[in-house]
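Following: one structure in structure tokens, then a few remarks.
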Amino acid sequence: MMFRVSLLVAALSAFALSTTAFVPTSKNAIATRSSSDYLSNAMNQVRSSSTSSTSALKMAAGVDLKGKVAFIAGVGDSSGYGWAIAKALADAGCTIIVGTWPPVLKIFQSGLKKGSFDEDAILSDGSKMVIEKVYPLDAVFDTPDDIPDEIKNNKRYAGLEGYSIAEVAEAVKKDYGKIDFLVHSLANGPEVTKPLLETTRKGYLAASSASAYSFVSLVQKFGPIMNEGGSALSLTYIASEKVIPGYGGGMSSAKAQLESDTRTLAFEAGRQYGIRVNTISAGPLKSRAASAIGKEPGKKTFIEYAVDYSKANAPLAQDLYSDDVGASGLFLCSPMSRTVTGVTLYVDNGLHAMGMALDSAAMARE
Ligand SMILES: NC(=O)c1ccc[n+]([C@@H]2O[C@H](COP(=O)([O-])OP(=O)(O)OC[C@H]3O[C@@H](n4cnc5c(N)ncnc54)[C@H](O)[C@@H]3O)[C@@H](O)[C@H]2O)c1
């Protein structure tokens with residue numbers, strides 16, 4: 001029988017929310033605490049609905065990226081990881097330019113103009129991040145020839161041109177000559193709410209195209225305009241290697257591709273352009289994109305379950321802010337990681353390391 005997402009999410013919910021005690025046999029001090037202790041600790045951590053915190057930014061002060069240019073693909077508001085990485089790089093003095101998906105371009109530009117993101121743009125010295133230029137970018141198109149008429153004639157793309165990856169790279173070259181950092185912070189899976197068992201070929205390939213090949217294509221097209229010593233970075237998720245019910249539609253497959261491609265691109269682009277290629281496996285964040293997964297009226301979304309599950313079960317029972325990932329992104333771009341390439345860096349409060357869920361009902365003692 002096919003699983004329905006609501007069932008999967010309900011199962012995840014029961015799994016995540018159970019608070020029955022776990023009494024392990026080991027005698028060491030940490031192990032003799034019950035899982036309910038861990039849980040209550042987790043729940044006592046500072047709660048915040050905000051996705052960002054500037055404390056991570058302050059810690060990163062001291063890295064100097066003045067004179068460097070970063071192109072961040074996949075920024076459409078201030079709630080996600082792309083914005084946070086842009087902010088951390090800007091805090092280090094880097095010039096920021098972004099690529100924004102045409103369907104959200106107008107609303108993003110008008111938000112920028114109206115100052116809707118100002119509060120989330122504050123840097124550690126109190127100034128505001130400046131996004132020097134916003135390029136329309138649809139990362140499923142490599143060249144203008146790939147764009148079908150239904151997209152060209154779509155009203156969300158009306159009046160726009162030059163949004164394929166090759167054209168954006170050309171425009172950036174014209175405007176800035178060379179860049180130093182390329183960040184891929186985008187993903188899209190039209191069938192993400194379907195289990196893999198129900199995913200169509202079309203949906204699966206669309207997830208791969210938007211979420212994995214887009215990075216290969218960006219590195220292909222931007223590699224030639226990147227300075228030696230530069231760095232390319234993407235964002236992945238643990239569902240690539242462990243089963244995360246609810247993260248469907250071939251998105252888990254796309255993230256596995258992204259991680260594998262990171263290694264191969266690290267070799268190829270390292271030899272060809274002298275740049276580094278890494279990916280961050282980020283913990284759950286309630287971004288706009290993530291909030292759209294499994295949205296059913298009156299119910300918690302997939303990402304809300306994932307955030308609660310992480311707090312209840314990760315080694316570090318603390319909130320994860322987008323700025324935490326921003327700071328790690330800054331590290332992977334800065335000379336501090338000069339010899340780091342081809343890695344998947346977990347920035348997830350350590351959740352990836354766990355093999356058992358502390359709050360599982362199966363751990364309950366009679
Ligand atoms: N939020 C999480 O919990 C989480 C966890 C791990 C990894 N990630 C990854 O982080 C990255 C950023 O996502 P986020 O959650 O911060 O949300 P986000 O909404 O900030 O970013 C996703 C962006 O992708 C853009 N996009 C979608 N299709 C596109 C296309 N064809 N061309 C260009 N842009 C396109 C959207 O407009 C949006 O701006 C993604 O790769 C995501 O899978 C997120």
Side-chain angles (χ1 to χ4, degrees), residues 45-61 63 65 70-92 94 96 98-101 104 108 111-112 116-124 127-131 181 183-188 211 233-239 247 255 258 278-293 301-311 314 316-334 344-352:
Q45 298 287 321
V46 183
R47 284 197 169 271
S48 164
S49 58
S50 166
T51 60
S52 88
S53 137
T54 44
S55 58
L57 267 189
K58 283 185 185 135
M59 281 183 274
V63 179
L65 297 181
F71 177 77
I72 293 130
V75 180
D77 62 33
S78 63
S79 72
Y81 285 137
W83 178 277
I85 294 171
K87 211 168 104 181
L89 292 170
D91 206 58
C94 187
I96 304 298
V98 305
T100 301
W101 195 35
V104 298
F108 180 52
L112 283 174
S116 316
F117 309 119
D118 282 2
E119 212 178 298
D120 293 331
I122 311 281
L123 302 178
S124 57
S127 67
K128 258 184 354 199
M129 166 169 74
V130 174
I131 295 180
F181 312 123
V183 180
H184 173 280
S185 181
L186 61 99
N188 209 331
S211 315
L233 181 64
S234 72
L235 276 308
T236 184
Y237 185 47
I238 190 70
Y247 195 74
K255 290 302 190 189
L258 189 64
N278 294 295
T279 187
I280 290 178
S281 184
L285 175 82
K286 214 176 154 194
S287 64
R288 183 170 164 158
S291 301
I293 308 175
T301 57
F302 165 82
I303 198 68
E304 287 166 338
Y305 287 117
V307 168
D308 286 348
Y309 181 86
S310 179
K311 268 203 207 158
L316 297 174
Q318 61 186 2
D319 286 316
L320 178 140
Y321 295 103
S322 59
D323 287 335
D324 293 311
V325 169
S328 299
L330 169 62
F331 164 71
L332 285 176
C333 288
S334 79
T344 297
L345 178 71
Y346 299 100
V347 184
D348 66 347
N349 278 320
L351 186 63
H352 70 279

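A side-chain donor-acceptor contact under 3.5 Å links S291 to the backbone of S287. Here the side chain of S334 pairs a donor or acceptor atom with the backbone of F331 at under 3.5 angstrom. No donor-acceptor distance shorter than 3.5 angstrom exists from the side chain of K311 to the backbone of L320, with no hydrogens or angles considered. In terms of modelled atom types and a separation under 3.5 Å, the side chain of D91 and the main chain of S124 share a donor-acceptor contact. Using modelled atom types, no side-chain atom of N349 and backbone atom of L351 make a donor-acceptor pair closer than 3.5 Å. Within the 3.5 Å criterion, the main-chain N or O of G82 finds a donor-acceptor partner in the side chain of S185.
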Margin query: For L65 and L89: C-alpha separation, side-chain torsions, deciding distance, then whether side chain to side chain contact (heavy atoms under 4.5 Å, CB included) applies.
Written below: CA-CA 7 Å; L65 297 181; L89 292 170; 3.7 Å; yes

Next item on the list: Give the intermediate values and the outcome of side chain to side chain contact (heavy atoms under 4.5 Å, CB included) for residues L233 and H184.
Entry: CA-CA 6 Å; L233 181 64; H184 173 280; over 6 Å; no

Notebook entry, point to check: Between Y305 and D308, does a side chain to side chain contact (heavy atoms under 4.5 Å, CB included) hold up when you go through it step by step?
Noted result: CA-CA 5 Å; Y305 287 117; D308 286 348; 5.7 Å; no

Next item on the list: Test side chain to side chain contact (heavy atoms under 4.5 Å, CB included) on Y346 and I280 and set out the steps.
Entry: CA-CA 6 Å; Y346 299 100; I280 290 178; over 6 Å; no

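When every heavy atom of S211 is checked against every heavy atom of L258, the shortest pair comes out as O-CD1, 3.8 Å. Taking all atoms of both residues into account, the shortest heavy-atom contact from Y237 to A282 is CD1-O, 3.5 Å. Of all the heavy atoms in D323 and A84, the pair that sits closest is OD1-CB, 3.8 Å. Nearest approach of A88 to G326, heavy atoms of both residues: CB-O, 3.3 Å. Between A306 and P284, the shortest heavy-atom distance links the atoms O-CG, 3.5 Å. The nearest pair of heavy atoms linking L345 to S328 is CD2-CB, 4.2 Å.
To the nearest 0.5 Å, atoms OG (S281) and NZ (K255) are separated by 9.0 Å. Note that the CG atom of D118 and the CE atom of M129 stand 10.0 Å from one another [nearest 0.5 Å].
Here the two rings, on F181 and F71, have centers that are 6.0 Å apart or farther.
Side chains of I72 and I96 form a contact here, defined as non-hydrogen atoms less than 4.5 Å apart. The shortest side-chain heavy-atom distance between L123 and K128 does not fall under the 4.5 Å cut-off. Two residues are said to be in side-chain contact when any heavy atoms from C-beta on lie closer than 4.5 Å; L330 and I85 fail this criterion. Between W83 and I131 there is a side-chain heavy-atom pair separated by less than 4.5 Å. Side-chain contact check for R288 versus V104: some heavy-atom pair is nearer than 4.5 Å.
Residues T344 and T279 bring no donor and acceptor atom of their side chains to less than 3.5 Å of each other.
Relative orientation of the F117 and F108 rings is tilted, given thresholds of 30° and 60° on the angle between their planes.
Just one of L285, V325, L186 meets the side chain to side chain contact (heavy atoms under 4.5 Å, CB included) condition when paired with L235; it is V325.
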